[in-house]
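This one's a predicted model, so the numbers in the text were calculated from it and none came from an experiment.
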Amino acid sequence: MLLALSIGLKLVLIAALGKIGFLDFTLQKIRNNDVLAVVALSAAVMIVGWLAGEEPWRIGLGIVAALVLFCLLIPFWIMGKVGAGDVKFMAAAPLVTGGGDLLLFSIVLLIAAILTAFVVKNPLLLAEGMFRGYIQHLGRKQVVPFGVPISAGLIVVLLLQLVRAGSAMV
């Protein structure tokens, strides 16, 4: 029962992350209520995991990493290098992944961020049309929607967690 609840919560979390990535790509905004929804869903997943017998250090590590990331990213927001939504969303990321998958998330995030920045900086590689014009607009504004790679990294980690849970059921 707890496994089914955890899987359901993670699927809802994936949908919320997809929404955040899409809105950040189109509007360059990450809304506070979306980040709060991710935090609430992550807390629910952590509680279910704890009830199911997950090791407490994984939950604690995720919480500590979230606090450390928030404190480390605040100066970048003050300098105007990242948006406040990006800082809050990135700080919520360890709550989503839990302590056990932080390294995996970091690797996927790095790859996704490099790909996002590459596409934004090289729009001529894309097909003609509105998408290319939009990317050129982002390049002129010197904006990279960092919520997109954060969302992508978290979705990949959650999907791998779901695959692991599915293989454990078999």
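- Side-chain contact between Pro149 and Leu115 is absent, with no heavy-atom pair separated by less than 4.5 Å.
- Separation of atoms CZ (Phe89) and OG (Ser151) is listed at 3.5 Å; rounding is to 0.5 Å.
- Summarising the geometry, atom CG belonging to Asp24 is positioned 10.0 Å from atom OG1 belonging to Thr116; distances are rounded to the nearest 0.5 Å.
- If you take CG on Asp101 and CG on Leu104, they are separated by 5.5 Å, rounding to the nearest 0.5 Å.
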Exercise. How far apart are the C-alpha atoms of Lys88 and Ile30, what are their side-chain angles, what is the distance that settles it, and do they pass the side chain to side chain contact (heavy atoms under 4.5 Å, CB included) test?
Worked result: CA-CA 9 Å; Lys88 292 177 269 189; Ile30 299 175; over 6 Å; no
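- Here the closest heavy-atom approach between residue Leu41 and residue Ala16 is recorded as CD1-CB, 4.3 Å.
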For this session: May I have the step-by-step check of side chain to side chain contact (heavy atoms under 4.5 Å, CB included) for Leu13 and Leu9, ending in yes or no?
Result: CA-CA 6 Å; Leu13 195 49; Leu9 287 169; over 6 Å; no
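- Taking every heavy atom of both residues into account, Phe105 and Gly153 meet most closely at CD1-C, 3.7 Å.
- Under the 4.5 Å side-chain criterion, counting only non-hydrogen atoms from C-beta, Val157 is not in contact with Val96.
- Between Asp86 and Lys29 there is no salt bridge, since none of the side-chain N atoms of the basic residue sits less than 4.0 Å from a carboxylate O of the acidic one.
- Atoms CD1 and CD1, from Ile150 and Ile155 in turn, are 12.0 Å apart once rounded to the nearest 0.5 Å.
- The structure places CG of Leu102 at 6.0 Å from OG of Ser106, a figure rounded to the nearest 0.5 Å.
- In terms of heavy atoms, Val108 sits closest to Ala152 at CG1-O, 4.4 Å.
- At least one side-chain heavy atom of Lys19 sits under 4.5 Å from a side-chain heavy atom of Asp34.
- Side-chain contact between Leu109 and Phe146 is present, with heavy atoms from C-beta onward closer than 4.5 Å.
- The nearest pair of heavy atoms linking Leu61 to Gly99 is CD2-O, 3.5 Å.
- To the nearest 0.5 angstrom, Ile59 atom CD1 is 8.5 Å from Trp50 atom CH2.
- Taking every heavy atom of both residues into account, Pro75 and Cys71 meet most closely at CD-O, 3.4 Å.
- Contact annotation: the side chain of Ile14 approaches that of Leu162 to within less than 4.5 Å [non-hydrogen atoms, C-beta and beyond].
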For this session: Check step by step if side chain to side chain contact (heavy atoms under 4.5 Å, CB included) holds for Leu158 and Thr97.
Result: CA-CA 7 Å; Leu158 286 172; Thr97 64; over 6 Å; no
For this session: Could you walk me through whether Val87 and Phe76 pass side chain to side chain contact (heavy atoms under 4.5 Å, CB included), step by step?
Result: CA-CA 9 Å; Val87 170; Phe76 292 98; 5.9 Å; no
